[in-house]
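Structure, as structure tokens:
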Protein chains: 2
Amino acid sequence: MKEPIGIKQIAKLAEVSIGTVDRVLHNRGGVSKITEQKILDVIRKTGYRKNTVASRLRLGTHKKVRIACLVPEAASHWKYWQFPKRGMDRAAAELHDHGIELSYFYFSEPSAFLERSKVILDKGFEGIVTVPFFTAESNALLRGAQVNQVPVVFLDTEVSLDFPGWFICQHAHRAGEVAGRLLQGLVGLGGIYLVLNIINAKGLHENNRQRESGFRKFLNTHDKKEIAEVVTINYPLDQPLETMPGMERLLLDKRRKGVFVTNSRAYMLPPVFRHYGVTGIPVVGFDLNEENLECLRREEISFLINQKPEYQGYHAVRGLFKFLTEKDASGLHVDIPVEIVVRENLHLV
Amino acid sequence: MKEPIGIKQIAKLAEVSIGTVDRVLHNRGGVSKITEQKILDVIRKTGYRKNTVASRLRLGTHKKVRIACLVPEAASHWKYWQFPKRGMDRAAAELHDHGIELSYFYFSEPSAFLERSKVILDKGFEGIVTVPFFTAESNALLRGAQVNQVPVVFLDTEVSLDFPGWFICQHAHRAGEVAGRLLQGLVGLGGIYLVLNIINAKGLHENNRQRESGFRKFLNTHDKKEIAEVVTINYPLDQPLETMPGMERLLLDKRRKGVFVTNSRAYMLPPVFRHYGVTGIPVVGFDLNEENLECLRREEISFLINQKPEYQGYHAVRGLFKFLTEKDASGLHVDIPVEIVVRENLHLV
DNA sequence: CTGAAAGCGCTTACAG
DNA sequence: CTGAAAGCGCTTACAG
């Protein structure tokens, strides 16, 4: 209801021109201490807030906010990366008239990540969205970005790095606890729970490690009598799952309760079950890829946890834009919900 | 990458002034057929899209988009209505510089709803957000709104009305199916499932009816042998739940499996269980009110389904604004996800 | 039926 | 150190 205070009214109240007000607002210097103080007083008293629409009209048409997205090659990783990309594109479309320009860079190897990082920094992008798959290279990126105060947002995984960066991802430990809750709800306590991790040359992915840890924590907390046993199988992608050491013994053990797959490949389980002729073993996994969804529809998987990759990409771009144009980092503090998906809410998530 | 086409370039290409272009763009009339056609051709060929930022700067400061929110008195309905209100306020804050003005109107009785509706229509609001609690009165509102083509968005419940309106709410039947999935997962098929509905002078709330129907459908579909039995208790709010006819018999029956509460009062169950000295009965309910959350934390409720009321309010206002300013109704087609909440993802939803 | 001009609030290049 | 002016793209009131 209060009168809209603009830069013009500030200028009048402080008895200066709007140019001088702007100099103070943007710390452009060249203003005497006394005038500056007078203007700052008026700004404080009136509670002036810049009109972002006018600001973006003026600025956005001249020089766009340029954001670089350094993402895994779209085809890899089960097309998972199309989702964040879609979210980023959607955000950019919404902000088109505000003056935004998204550029994509792709990598698969660490060396490409490093090389593209350099290009991005050289080209003077104002913000970067990427993924912390390679720790050393992510640190190198952050080190370079720090020089020009370029904000970097990491999606998907939270890892510990040497310089400050933003993370928009799901709390993996919590997601593991949720998985524990869901499985335990289905089968009760006691018996043997199987955790399936993918392992590669670099060892366990941080998300998988955290998820397993959360899962174990849930069972330990809820199982006062220590009658539940959690067994982990770390399997490399290039080996057939059904012949992994321990698999046969576990599946045929009468005490086996359910399986928690810490990655996106829960759909690999049902064929293994069929191979050993076992039925009725609940599976909880991650991600809404087509293979998993098909299993969910056929009721071969009980629950999937969604990391909302599109949502992650969308908020990364919107959050960065807000930060860059309004110095407001609130849009970069988003907790990705641990969204539980069953067959019946599949089309509504 | 393509050159930004503005009204100025359209004018130049069509060899007219920008005023004439604007007349065509807004169907303001007073343009010869031949000029109009020439301009339309250029617009089509260039793929011109109006710059919404410039448009809002010009328009928003002169006349704001005025939206009326006709909502239940905030204190009633377990403070549930604070959430959509919060979402609407958040949307309005984000759109402040674009020129939006939200006005709240409150009702509790149908008569007040009707009276406020008239006021809203008289005052010439451009869009309305409300709730279809009273069918006849909602129809009256829609009838009045239709005259001036004022769009009306209903939250919370989808009902059948006599005139077209928008609905932003959860698919209640699906939510019931999800509840069926969750309960059946916990206790398996067979035995007696209890459905608890609140009933008042107007009978069953549409959402509750749909949720029960979805729940029953799930059990019927999955229970080929018809060994599961669903029993409904419709209870009026002014009577003690534990003495409702059938309650004692059901709870003490060995075959009883779990309880589905179709409204926000799942928290009333645990005391009833204690009253009869029964334990370990799973409960699935709706809404994240403090009482329910406390039960979830104490593991007296297994699952809560969130209708995301804040999200509903937020999207109603954003969707209406987009529709009113860009003739784009896409923001009014939102399916509210059936969000499943357990103790472990509570703080992240 | 059409055009020229003013202005939304902010930003900056230029003149002094 | 400060002000006056131009302009972002769109919209409208006014003049012809």
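Naming: A, B, ... by sequence-line order, numbering from 1 per chain.
To the nearest 0.5 Å, atom CG of residue Leu40(A) and atom OH of residue Tyr48(A) are 13.0 Å apart.
If you check every strand for non-hydrogen atoms under 4.0 Å, Arg28(A) touches a base. No contact: Val53(A) has no heavy atom under 4.0 Å from any strand.
Between Asp162(A) and Arg143(A) there is no salt bridge, since no side-chain nitrogen of the basic residue lies less than 4.0 Å from a carboxylate oxygen of the acidic one. Asp41(B) has a carboxylate O that lies under 4.0 Å from a charged side-chain N of Arg44(B), or vice versa, which qualifies the two as a salt bridge. Taking a cutoff of 4.0 Å between a charged side-chain nitrogen and a carboxylate oxygen, Glu115(A) and Lys118(A) do not qualify as a salt bridge.
The side chain of Thr61(B) contributes no N or O atom lying less than 4.0 Å from OP1 or OP2 of dG7(C).
You'll find the side chain of Glu137(A) stays beyond 4.5 Å of the side chain of Phe107(A), heavy atoms only.
You'll find that the side chain of Asp22(B) is closest to dT12(D), out of dT12(D), dG3(C), dC1(D). Side-chain atoms of Tyr48(B) lie closest to dC10(D) of the nucleotides dC10(C), dC10(D), dG9(C). In this structure, the nucleotide among dT11(D), dC1(C), dG9(D) sitting nearest to the side chain of Thr35(B) is dC1(C). Among dG9(D), dT2(D), dT11(D), the nucleotide with an atom closest to any side-chain atom of Ser55(B) is dT11(D). The Thr20(B) side chain lies nearest to dG3(C) when the options are dT11(D), dC1(C), dG3(C). When the nucleotides dC1(D), dG9(C), dC10(D) are ranked by their closest atom to the side chain of Leu57(A), dG9(C) comes out on top.
If you measure from atom CD1 of Ile39(A) to atom P of dC1(D), you get 13 Å, rounded to the nearest angstrom. In this structure, Glu326(B) atom CD and dC10(D) atom C1' are separated by 14 Å, rounded to whole Å. When rounded to the nearest whole Å, the span between CZ of Arg56(B) and C1' of dT11(D) equals 11 Å. With rounding to whole Å, Lys63(B) atom NZ is found 13 Å from dC8(C) atom C1'. When the C1' atom of dG9(D) is taken as reference, atom NE2 of His26(B) falls 12 Å away, rounded to whole Å. One interatomic measurement links the two molecules: NZ of Lys38(A) to C1' of dC1(D), which rounds to 14 Å at whole-angstrom precision. Distance Lys8(B) NZ to dT11(D) P: 14 Å, rounded to the nearest Å. The nearest whole Å value for the distance from the NZ atom in Lys64(B) to the P atom in dC8(C) is 13 Å.
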Test log, rule side-chain contact (heavy atoms from CB on, under 4.5 Å), inputs Thr130(B) and Phe154(B): CA-CA 5 Å; Thr130(B) 187; Phe154(B) 293 100; 3.6 Å; yes
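Judged purely by distance below 3.5 Å, without hydrogens or angles, the side chains of Tyr104(A) and Asp89(A) pair a donor atom with an acceptor atom.
Of the residues near DNA chain C, Ile18(B) and Leu59(B), the one whose nearest nucleotide (by heavy atom distance) lies more toward the 5' end is Ile18(B). For the pair Arg49(A) and Arg23(A), both in contact range of DNA chain C, the more 5′-proximal nearest nucleotide belongs to Arg49(A).
When all heavy atoms are compared, the tightest approach of Met88(B) to Leu155(B) is CE-CD1, 4.0 Å.
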Whenever both distances are under 3.5 Å in a Watson-Crick or G-U wobble pair, mark it; put DNA chain D into dot-bracket that way, with [ ] for crossing pairs and | when the partner is on another strand. |||.||||||||.|||
